There are 2 protein chains.
Amino acid sequence: MSAKTNSNEARLNERLGAGGFRFTPQRQRVYDVLLQKRDHPTAEEVFIRAKRAMPEISHATVYNCLDALVQSGLARQVTLERGATRFCPNMEEHCHYYCDACGEVFDVALTGDSPLLPRPKGFKIARYDIAVHGVCADCAAKAKK
Amino acid sequence: MSAKTNSNEARLNERLGAGGFRFTPQRQRVYDVLLQKRDHPTAEEVFIRAKRAMPEISHATVYNCLDALVQSGLARQVTLERGATRFCPNMEEHCHYYCDACGEVFDVALTGDSPLLPRPKGFKIARYDIAVHGVCADCAAKAKK
DNA sequence: ATTCAATTTAGAACAATTCTAAATAGGCGG
DNA sequence: CCGCCTATTTAGAATTGTTCTAAATTGAAT
């Protein structure tokens, strides 16, 4: 086990605890899956990947684990379009560029100040999600041909 | 029929045409439903409301109409959370405040400059959606008690 | 009027998510 | 270490949201 894996495990343990959740092998596995390939997988994709090293894991558990990770501040839930929700372990301030042509999702860091948003009086902001729709460079090039 | 309704109908007709769609009574009805109560209804809610004046309208038609409106630039599709997609006829630049406690959605106009977003090279932006999650003033007050 | 494609319809099918009840596992006080 | 209590996991059923299908209808353009 690498030092990197160790530190991820430590953070997982700590954050789950802070969120009132237990550390379980399934949650560790699901978190690993998110960290290993940061391509904004759906719950179904996470399920498939998680099964590779833990074949007996169930669908409901994957949802439970993902929810626990989201509530513990270790992952974000991303809803870009109708259909399956995606998950993202990048907790830096960033926005999502979504290519309507190929479906790929790009994280782009929000540099400097957060966008200045007016807000309803008294509203307590927990987080915000910025989704940008359009066509990525590759797809734009293909379309031009 | 009021002058207001007339102008909405004219715009609907024009925009549908520009988008390559036909004007139909069902599309008019669905658009009316969106305009009459701007509370970000789900497709199911639109279906129920549309039925009141058009009892024979079907589920599939409501989806078809909503998609036509979205593609014609007359409505926006809003995905704030897992579960049903919502629809919004407000085409001004605005962001959505979503109360995680009561589920209410508030439109807030984006004043002045759009937030400056860095973007991937070559990405052609079609539109962007800003969703702010948190707790609205009412729910925050209730929670404090 | 005729024709062709878009649209609508009811209902089936499918996909995503949540629920259920029973089994298991963790942490804690004794 | 034991027993207890609660959280978690599991398989599968159930529910919800969305899309598909095939046939009938409608609309626009000849």
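So you know, we letter chains A, B, ... as the sequences are listed, proteins then strands, and number each from 1. Because the structure is predicted, anything quoted here is derived from the model rather than measured. No hydrogens, no waters, no symmetry mates; every other heavy atom, side chains included, goes into these values.
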To the nearest Å, give me how far apart [atom1] ([X]) and [atom2] ([N]) are.
{"X": "B:Asn64", "N": "D:dT21", "atom1": "CG", "atom2": "P", "result": "15 Å"}
{"X": "B:Glu81", "N": "D:dT16", "atom1": "CD", "atom2": "C1'", "result": "13 Å"}
{"X": "B:Arg29", "N": "C:dT9", "atom1": "CZ", "atom2": "P", "result": "13 Å"}
{"X": "A:Leu16", "N": "C:dG27", "atom1": "CG", "atom2": "C1'", "result": "15 Å"}
{"X": "B:Arg82", "N": "D:dT18", "atom1": "CZ", "atom2": "P", "result": "14 Å"}
{"X": "A:Ile48", "N": "C:dA16", "atom1": "CD1", "atom2": "C1'", "result": "13 Å"}
{"X": "B:Phe47", "N": "C:dT9", "atom1": "CZ", "atom2": "C1'", "result": "11 Å"}
{"X": "B:His59", "N": "C:dT8", "atom1": "NE2", "atom2": "C1'", "result": "15 Å"}

Nearest-nucleotide wise, let me know which of B:Phe23 and B:Gly83 is further upstream toward the 5' end of DNA chain D. B:Gly83

Nearest-nucleotide wise, let me know which of B:Thr42 and B:Pro25 is further upstream toward the 5' end of DNA chain D. B:Thr42

Under 4.0 Å between a side-chain nitrogen and a carboxylate oxygen: does that hold for [X] and [Y]?
{"X": "B:Glu92", "Y": "B:Arg76", "value": "no"}
{"X": "A:Asp107", "Y": "A:Arg38", "value": "no"}
{"X": "B:Arg127", "Y": "A:Asp100", "value": "yes"}

The residue, B:Arg22 or B:Pro55, whose nearest nucleotide of DNA chain C is more 5′ is B:Arg22

Indicate whether OP1 or OP2 belonging to [N] is found under 4.0 Å from a side-chain N or O atom of [X].
{"X": "B:Thr61", "N": "C:dT9", "answer": "yes"}
{"X": "A:Tyr63", "N": "C:dT18", "answer": "no"}
{"X": "A:Gln26", "N": "C:dA25", "answer": "no"}
{"X": "B:Thr85", "N": "D:dG17", "answer": "no"}

Any idea how A:Phe47 and A:His59 line up, ring-wise: parallel (<30°), tilted (30 to 60°), or perpendicular (>60°)? parallel

Would you indicate what [X] reaches in the nucleic acid, counting non-hydrogen atoms under 4.0 angstrom: base, sugar-phosphate, or nothing?
{"X": "B:Glu56", "value": "sugar-phosphate"}
{"X": "B:Thr24", "value": "sugar-phosphate"}
{"X": "B:Ala60", "value": "base"}
{"X": "A:Phe21", "value": "sugar-phosphate"}

Keeping B:Ser72 on the side-chain end and B:Ala68 on the backbone end, is there a donor-acceptor pair under 3.5 Å? yes

Side chain of B:Ser58 (C-beta onward), nearest among C:dT9, C:dT17, D:dT8: C:dT9

